[in-house]
Amino acid sequence: MNVFTERVIRILQGIPAGHVMTYGQVAAAAGSPRGARQVVRILHSMSEKYQLPWHRVINIKGEISLTDGNQQELLEMEGVHFKNGKVDLTVYRWFPPDAEEG
DNA sequence: CGTCTGACGTGGT
DNA sequence: TACCACGCCAGAC
């Protein structure tokens, strides 16, 4: 397990219901500003194992790339409202504290 | 080792 | 604002 991976997991677990983060934002917060793709990989691999809130991670445009699941539905029932298929990141984006302890 | 891929992000038009 | 091309990085074959 890499430090980056552990940090990503911690950060994801720190996203409260009703908020979202972007892939790049999570990566940057974990120490790899260009690691958005790695965050994707982690979600693919670890989301079930570590029970990560994968549905609270979206792209920087506020859109959901998945059409395969009910990500939008999950967010909406947490209180994240969609406008024209997009989330207003200026409202719902979550900024993790500097240190996610755990 | 080389090539292709992907739940992304940024800059130019 | 919408669309295209490129860069990025690790994993799979």
Side-chain angles (χ1 to χ4, degrees):
Chain A
M1 179 81 73
N2 296 328
V3 176
F4 174 73
T5 303
E6 293 184 15
R7 285 187 175 279
V8 169
I9 291 172
R10 275 291 152 206
I11 292 167
L12 292 174
Q13 291 175 339
I15 305 175
H19 291 272
V20 298
M21 288 183 73
T22 73
Y23 300 93
Q25 187 187 357
V26 174
S32 182
R34 300 298 175 204
R37 317 306 303 269
Q38 285 80 292
V39 174
V40 170
R41 301 207 67 81
I42 292 169
L43 289 175
H44 267 291
S45 181
M46 307 287 190
S47 59
E48 298 180 24
K49 196 179 175 83
Y50 289 86
Q51 199 175 1
L52 302 178
W54 58 271
H55 58 282
R56 296 181 194 149
V57 186
I58 59 179
N59 64 30
I60 197 173
K61 295 182 296 186
E63 295 176 333
I64 294 173
S65 300
L66 286 173
T67 55
D68 220 28
N70 51 344
Q71 182 172 7
Q72 179 171 336
E73 189 177 343
L74 289 172
L75 288 174
E76 285 181 332
M77 56 186 227
E78 289 184 351
V80 177
H81 299 291
F82 282 71
K83 172 81 80 175
N84 193 18
K86 292 159 71 166
V87 175
D88 188 349
L89 290 176
T90 65
V91 175
Y92 296 105
R93 182 190 278 184
W94 172 250
F95 294 94
D98 291 336
E100 290 283 343
E101 33 203 292

Upstream residue (5' side of DNA chain C) when R41(A) and R34(A) are each assigned their closest nucleotide: R34(A)
Please report, rounded to the nearest Å, how far the [atom2] atom of [N] is from the [atom1] atom of [X].
X      : N       : atom1 : atom2 : result
R93(A) : dC8(B)  : CZ    : P     : 15 Å
K61(A) : dA2(C)  : NZ    : P     : 10 Å
N84(A) : dT1(C)  : CG    : C1'   : 12 Å
N2(A)  : dG11(C) : CG    : P     : 8 Å
N59(A) : dT10(B) : CG    : C1'   : 13 Å
F4(A)  : dC8(C)  : CZ    : C1'   : 12 Å
L89(A) : dC8(B)  : CG    : C1'   : 13 Å
Q25(A) : dC8(B)  : CD    : C1'   : 13 Å

Per Q38(A) side chain, nearest of listed nucleotides dG9(B), dA7(B), dA10(C): dA10(C)
R37(A) side chain, from C-beta outward: closest of dA2(C), dA7(B), dC8(B): dC8(B)
Any T22(A) side-chain N or O less than 4.0 Å from OP1/OP2 of dC8(B): no
Distance test, side-chain N/O of S32(A) to OP1/OP2 of dC9(C), below 4.0 Å: no
Touch class at under 4.0 angstrom, heavy-atom based, for I60(A) against every strand present: sugar-phosphate
Sugar-phosphate, base or nothing in reach of G35(A), heavy atoms under 4.0 Å: nothing
[Y] side chain reached by [X] side chain, heavy atoms, under 4.5 Å:
X      : Y      : answer
W54(A) : Q71(A) : yes
I58(A) : L75(A) : yes
L12(A) : V26(A) : yes

I15(A) backbone acceptor or donor facing R56(A) side chain under 3.5 Å: yes
Donor-acceptor contact present, side-chain Q72(A) to main-chain H55(A), <3.5 Å: no
Base-pairing assignment for dC1(B) (Watson-Crick or G-U wobble, both under 3.5 Å): none
Strand partner of dA7(B), provided both Watson-Crick or wobble distances fall under 3.5 Å: none
